[in-house]
Every structure is written in C-alpha cells, then in structure tokens.
Amino acid sequence: MFDLDKGGPILVVAPHPDDETLGAGGLLLRAAAAGREIHWLIVTAMRAKDGWPADKMARREKEIEAVAQDFGFAAV
C-alpha cells in the first residue's frame, strides 16, 4: 500500500485540466491532508495563436486557479 506519511513531494501529470481530479483526485486529497506537498503539471495549453478565443482562455485559467486552490497545490 502507498504510505502517504512518508516521502517527498508528489507530482500529478494531467494531459488536460480535470484529469488530475478524475484520475488521482482522492490520492491527491489524502496526500495533502497527510502533509505531503502536491504539484500539478498540465500538459496542454490554450493559445490565441491556435484559435482559442480570449474569453475561453480566461475562463479556463480561472477554473485552473480555483482547482489549484481547492487541492492546495504548491505549484501548477
């Protein structure tokens, strides 16, 4: 069994925002509650040069910030 009380920081790699919650949300919350530092790496990005509208990019950024705060990520 994975011992959450021992070890260093945890990095979750998410291809898209929400994959961290769907794939490892419970583990991340338990790790944070046990005092482990958790980090979130989002692999994809929305960029204006790829045709994403500014309002959608801003909304995504706000959603990412809210989730990061809720989980208590040390870094995104």
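One-based numbering along the sequence shown.
- Annotation: salt bridge (charged side-chain N to carboxylate O under 4.0 Å, His left out) contacts involving residues 16-29, sequence neighbours excluded, are absent.
- In terms of heavy atoms, R36 sits closest to G7 at NE-O, 3.5 Å.
- Separation of atoms CE (M46) and CZ (R59) is listed at 7.5 Å; rounding is to 0.5 Å.
- Annotation: the span from I38 atom CD1 to L11 atom CG amounts to 10.5 Å, rounded to 0.5 Å.
- Looking at P17 and T44, their side chains come closer than 4.5 Å, going by heavy atoms from C-beta outward.
- Contacts classified as ring pair (Phe, Tyr, Trp, His ring centres under 6.0 Å) and involving residues 32-73 (residues at least two apart or in different chains) are given here: W40-F73, F71-F73.
- Annotation: side chain of L28 is in contact with side chain of I10 (closest heavy-atom distance under 4.5 Å).
- Between the CD atom of Q69 and the CD1 atom of I64 there is a distance of 14.0 Å, given to the nearest 0.5 Å.
- Of all heavy-atom pairs between A48 and M57, the closest is N-SD, 3.5 Å.
- For the pair R60/I42, a side-chain contact is recorded, criterion being any heavy-atom separation below 4.5 Å from C-beta on.
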